Each structure stands twice: as structure tokens, then as C-alpha cells.
Amino acid sequence: MGATATNVLEAQSVSLSYRHKRENKPVLRDFSLQLKAGEVLAVLGFSGSGKSTLLRILAGLRSPDSGKVTIGNKILSGPHPRVGFMFQDPCLLPWLTLEDNVAFGLSFKRQQRISKQEKLERVQSALQEVGLEDSADRYPSALSGGMAQRGALARCLARKPEILLLDEPFSALDAVTRSEMQQLLLSVTKNHGTAAILVTHDIDEALRVADRVLLLGGQPASVAGTWDLTGQSRSTNNPMLVHTRRDIVSALRNGRSDSRCDMPGYLTAVPA
């Protein structure tokens, strides 16, 4: 990612409250971020801190109470064809083959209409990129968890998005498959220049894949800290990475009044 990369997505002073027991419960307050072309941004935070809510706002699936989200200098008013969304659950339709599930994304509302031939080419290319070209005729029930998530990623890629929003899509996978999916994500963003926002509970995952890390904290939540890792070696013995990890853990401890924590990366001992 070059220093002159332009912002493909911006959130400006976004706030949101939920109606709860006849009262408004603030979830996000005055939240802002900028995402550059080709950048991977990881968002960390405790359960209930508003990470998934934030991602839905950035995807146009929910409108903020105040503030705005812009994509390509245009205010976001609903789901955008340039944005792909991956959930924790692959959300593959069980009555469709993998190939048809990937093609299904090309029929989403607001998606540009394309010919049958181009649709076929996009689906085949996406399946090949995630290594599932030989599984096109399988149904979701015949896929492993990792294969299903690769299928969900292929469904996004077939739409040729400029931005990927990922809501903890690797959290239910075993360690080996999760590592493979992380590498696949990096490969996709590099090959296509796609920007991505990855919501995760895992500090180590954030440090492994992100150009920048953002910590969501407070009640209501706002930006509690950011760390720029652009150009850094991801070796576990990189002193700068070790320092960044300690800094993130410290910020988490300072932002939490009790000792309970549900973030796997946080529970791992901090390297000396």
C-alpha cells in the first residue's frame, strides 16, 4: 500500500443507540475512521463493545443516529455493490451447490447486471482463487468449516468488491485452517488491491494480518487506540511487534474494570 493511497471508505462522527426498556442505550459515540485502498484494518474489542454493529453501519445494513459513512465520496444509504460482507457463519444456502451459492451473490440488489457468460467466468475464477474449483458441485452439507468459509469468500470475490468487511469469519475454525484463511485473505487483498476491515477478538490474528489495528473501547464505544504496522515484519520475535502487542494489552487492561476477558489473544502470555 503506497503512501499516496486514497481513502475508499470513511466514517465521520458516527453515533448509534439501541432502544432498550423504553430508554436509549448508546452503543457507539463519535466514531471515525478512514480506510485506504488496499489496506487491511483490524478492529479489536470486547464482546458487546459494538464491533459487529459498527461493521453493519459500514456495510449500509444499519443507519447511524448521527454522523455519516462515505464510499467514493458518496454518502452510504444502503448496501453498496462495491462492498463484500463475510459473517462468522458462512451463510451458504443449503439447497444450492457451492457454484450456485457463489453465483447467488451476483444477483444481490444494486449489483450491476452482467451476462450469463461473465457470471460463469466470475464464479469459476472466484472458486479457483480460493482453491475450490473441484468442489463446485458439492452442497454445503458436504463441505468442511474451512471449505464453507472459502466458499463465502468466493461469493464476495465474484462481485469484485473494492472493500471487504469481515465479522470474525475465522473464529470457529481450527488453528491450521484459520492460519490458511488468514494467508488467503492477505493474498486476495494483495492481488486485487482490495481494502478490508477485519473484526476479531484475537490480538495475534490482528497483528498477523493488519496494516493497522484499531481498538474499540468504552461505553458507549469509540476509538480507544490505533497502531500502524505498515511495513513491519510479522515475525513473532520482531521487537516492534512485541512492543505493539504489549501496548494493546495495556490499553485493554486500562479500559476494563474487571479481570474477566473473552479475547484469546489477550489471554496468551505477553512475551518478555
Side-chain angles (χ1 to χ4, degrees), residues 27-28 33 35 39-59 61-62 83-94 98 101 130-132 140-141 143-157 161 163-189 194-217 221 224-225 227 229 234 236 241 244-245 248-249 251-252 255-256 260-270:
V27 179
L28 294 170
L33 68 75
L35 181 69
E39 178 183 35
V40 178
L41 172 67
V43 177
L44 290 168
F46 294 101
S47 290
S49 62
K51 302 186 304 300
S52 293
T53 298
L54 170 64
L55 219 56
R56 289 179 176 274
I57 291 174
L58 298 180
L61 300 175
R62 187 177 182 94
V83 178
F85 200 123
M86 277 188 70
F87 299 89
Q88 186 173 3
D89 188 307
C91 299
L92 298 179
L93 300 176
L98 177 58
N101 265 286
V130 301
L132 290 177
S141 59
L143 303 176
S144 67
M147 292 173 72
Q149 280 295 22
R150 285 174 181 266
L153 179 57
R155 182 174 55 198
C156 288
L157 295 180
I163 302 164
L164 278 174
L165 303 178
L166 306 105
D167 192 1
E168 300 189 63
F170 313 143
S171 61
L173 303 177
D174 63 82
V176 173
T177 306
R178 184 169 189 163
S179 178
E180 291 174 348
M181 290 298 298
Q182 291 166 354
Q183 291 304 310
L184 180 58
L185 172 63
L186 291 176
S187 175
V188 165
T189 55
T194 307
I197 297 178
L198 172 67
V199 161
T200 179
H201 278 96
D202 193 330
I203 296 173
D204 294 320
E205 178 170 74
L207 295 177
R208 191 173 298 119
V209 304
D211 297 300
R212 278 193 301 136
V213 177
L214 182 151
L215 176 62
L216 201 60
W227 294 266
L229 304 174
R234 302 315 162 100
T236 55
L241 211 60
T244 300
R245 192 179 191 286
I248 293 173
V249 170
L252 284 163
R256 186 83 171 190
R260 180 173 56 86
C261 182
D262 54 7
M263 297 179 66
Y266 181 92
L267 293 172
T268 305
V270 180

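Counting from 1, the numbers follow the sequence of the chain as shown. Quantities reported herein were computed from a predicted structural model and do not represent experimental measurements.
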Seminar exercise, completed: Across all chains, not counting sequence neighbours, the salt bridge (Lys or Arg N to Asp or Glu O under 4.0 Å) partners of E180 are R150
For this session: With sequence neighbours excluded, tell me which residues meet salt bridge (Lys or Arg N to Asp or Glu O under 4.0 Å) with R212.
Result: E39
Does the [X] side chain pair with the main chain of [Y], one donor and one acceptor, at a distance under 3.5 Å?
{"X": "R155", "Y": "C91", "result": "yes"}
{"X": "K51", "Y": "V199", "result": "no"}
{"X": "T189", "Y": "L185", "result": "yes"}

Compare every heavy atom of [Y] with every heavy atom of [X], then report the nearest pair and how far apart it is.
{"X": "R234", "Y": "L229", "answer": "NH2-O, 3.1 Å"}
{"X": "P169", "Y": "M86", "answer": "CB-CE, 3.8 Å"}
{"X": "H201", "Y": "F46", "answer": "NE2-C, 4.1 Å"}

side-chain hydrogen bond (donor to acceptor under 3.5 Å, both in side chains) partners for [X], two or more places apart:
{"X": "S52", "answer": "D167"}
{"X": "D174", "answer": "T177"}
{"X": "S144", "answer": "none"}
{"X": "S179", "answer": "none"}

Exercise. How many angstroms lie between CG in L214 and CG in L54, if you round to the nearest 0.5 Å?
Worked result: 8.0 Å
Problem set entry | Straight-line distance of L58 CG to I197 CD1, nearest 0.5 Å | 5.0 Å
What residues, two or more places apart in sequence or in another chain, satisfy side-chain contact (heavy atoms from CB on, under 4.5 Å) together with [X]?
{"X": "A221", "answer": "L28, L216"}
{"X": "L61", "answer": "R56, A59, P79, F85"}
{"X": "P140", "answer": "L92, N101"}
{"X": "A206", "answer": "A42, L44, T200, V213"}

For this session: Before giving the answer on side chain to side chain contact (heavy atoms under 4.5 Å, CB included), spell out for D202 and R178 the whole-Å C-alpha distance, their side-chain angles and the decisive distance to 0.1 Å.
Result: CA-CA 12 Å; D202 193 330; R178 184 169 189 163; 3.7 Å; yes
Exercise. Could you walk me through whether V130 and Q149 pass the side chain to side chain contact (heavy atoms under 4.5 Å, CB included) check?
Worked result: CA-CA 10 Å; V130 301; Q149 280 295 22; over 6 Å; no
